[in-house]
There are 2 protein chains.
Amino acid sequence: MMSQKDAFDLQNFLPYLLNQAAEESSLAFQQVYRDRYGMLRTEWRVLFHLGLYGRLTAKEIGTRSKMHKTKISRAVQRLEERRFLTRAPDEADRRQEYLDLTVQGHAAYRDLHAVAHRYDAALADTLTPEEERILRAALRKLARMA
Amino acid sequence: MMSQKDAFDLQNFLPYLLNQAAEESSLAFQQVYRDRYGMLRTEWRVLFHLGLYGRLTAKEIGTRSKMHKTKISRAVQRLEERRFLTRAPDEADRRQEYLDLTVQGHAAYRDLHAVAHRYDAALADTLTPEEERILRAALRKLARMA
DNA sequence: TGTTAACGGTTGATTTTGTAACTAACAACA
DNA sequence: TGTTGTTAGTTACAAAATCAACCGTTAACA
């Protein structure tokens with residue numbers, strides 16, 4: 001017989017807990033970029049990187065976001081089609097191209113950035129300041145595990 | 001101009017942080033159930049629920065795990081094909097059927113349960129006891145937000 | 001009872017992701 | 001220069017997730 005205190009169930013499994021929290025907390029925000037701009041998560045992320053750091057190549061977005069290059073390639077394609085960004089060939093190295101947000105892209109970025117900021121604050125509000133601080137630190141640690 | 005202290009980037013966005021931590025922490029364990037038993041995450045979850053709680057209907061697994069019913073239906077199908085579980089019709093209500101692990105299913109469950117337990121401990125070991133306690137509490141809060 | 005609504009579960013079509021192979025451009029160096 | 005290896009990015013195909021419609025059964029209730 002397994003003793004009660006040794007009981008280990010799914011609800012205590014960190015990867016599962018993390019996943020549940022991640023899914024639940026993404027939902028409301030996902031709604032926003034989907035409904036307002038018809039974006040997928042990958043697209044919102046690419047937009048966010050460009051809005052935050054300015055002109056980048058797909059490669060640079062990849063190293064910063066750890067997204068796979070095919071995801072980025074497809075997100076860029078869709079963002080270009082919908083006129084959220086433009087591509088500028090790099091004359092010095094014609095393998096890569098620079099990505100820039102259009103005016104419309106910037107507007108979407110600013111809007112979503114503000115929503116994200118408020119949403120993050122609302123999430124944090126359900127936690128005590130100590131919980132919030134430690135949660136963020138612990139998540140960073142776990143994310144950097146590889 | 002945005003002030004530095006107001007800087008809000010993706011790395012500070014809780015849903016993003018949660019997602020990164022969840023993905024990273026799932027990876028190594030995913031390897032195990034994929035390589036040893038050819039299972040998908042949905043299948044491992046169904047297996048885990050049955051191993052932990054015993055006989056359940058698909059519906060019950062759904063309410064406990066919050067997985068969509070089509071995911072469960074397909075996971076059950078594959079687990080049945082591979083002889084990890086059997087279905088027993090409910091004579092009282094013929095819409096539903098009871099799911100039971102086979103001997104082989106139990107063996108896989110026990111094996112994976114042990115691995116998960118050890119893996120969870122290893123993850124927790126990268127955190128201080130206080131961090132661990134607060135992390136788990138905070139994750140549970142966030143997961144219950146809806 | 002008969003009719004309608006709800007439920008558990010499955011199926012098929014569509015979308016999205018993952019994997020590998022590919023193209024074009026550049027770098028290294030004999 | 002020519003050959004070989006790398007790199008940035010795309011494409012094709014397979015695997016998986018999502019969504020809506022569906023089937024057979026049970027519940028509700030006139």
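- Residues meeting the side chain to side chain contact (heavy atoms under 4.5 Å, CB included) test with Asp93(A), sequence neighbours left out: Asp90(A), Arg95(A), Gln96(A).
- Within residues 25-49 of chain B, no residue places a heavy atom under 4.0 Å from DNA chain C.
- In terms of the salt bridge (charged side-chain N to carboxylate O under 4.0 Å, His left out) criterion, residue partners of Glu132(B) (sequence neighbours excluded) are, by chain and number, Arg136(B).
- Within the structure, every pair that satisfies the salt bridge (Lys or Arg N to Asp or Glu O under 4.0 Å) test and touches residues 28-54 of chain B, not counting sequence neighbours, is listed here: Arg36(B)-Asp111(B), Glu43(B)-Arg78(B).
- Shown here are the side chain to side chain donor-acceptor pair (under 3.5 Å) partners of Arg64(B), two or more places apart in sequence or in another chain: there are none.
- Among pairs with a residue in residues 57-100 of chain B, none fulfils ring-ring contact (aromatic ring centres under 6.0 Å, His included), at least two apart in sequence or across chains.
- The 12-atom threshold is exceeded at CZ of Arg140(B), counting heavy atoms of other residues, nucleotides or ligands nearer than 6.0 Å.
- Looking at residues 73-99 of chain B, you'll see Ser73(B), Arg74(B), Gln77(B), Arg87(B), Arg95(B), Gln96(B), Glu97(B) sit with a heavy atom under 4.0 Å from some atom of DNA chain C.
- Counting 5' to 3', DNA chain C first comes under 4.0 angstrom of a heavy atom of chain A and last does so at the ends given by dT16(C) to dC26(C).
- In this view, Arg55(A) and Asp100(A) satisfy the salt bridge (charged side-chain N to carboxylate O under 4.0 Å, His left out) rule, not counting sequence neighbours.
- Glu131(A) is linked by a side chain to side chain contact (heavy atoms under 4.5 Å, CB included) to Leu127(A), Thr128(A), Ile134(B), Ala137(B), Lys141(B), counting only residues two or more places apart in sequence or in another chain.
- At a threshold of 4.0 angstrom between heavy atoms, the contacts of Thr57(B) are confined to the sugar-phosphate backbone, with no base atom among them.
- Using a 4.0 Å heavy-atom criterion, one finds that Lys69(A) contacts the bases of the nucleic acid, with or without backbone contacts as well.
- Whole-Å rounding puts the His68(B) NE2 to dC19(D) P distance at 7 Å.
- Under the rule for a side chain to side chain contact (heavy atoms under 4.5 Å, CB included), the partners of Thr126(A) that lie at least two apart in sequence or sit in another chain are Leu142(B), Met145(B).
- For the ring-ring contact (aromatic ring centres under 6.0 Å, His included) test, residues two or more places apart in sequence or in another chain that qualify with Phe29(B) are Phe13(A), Tyr33(B), Trp44(B).
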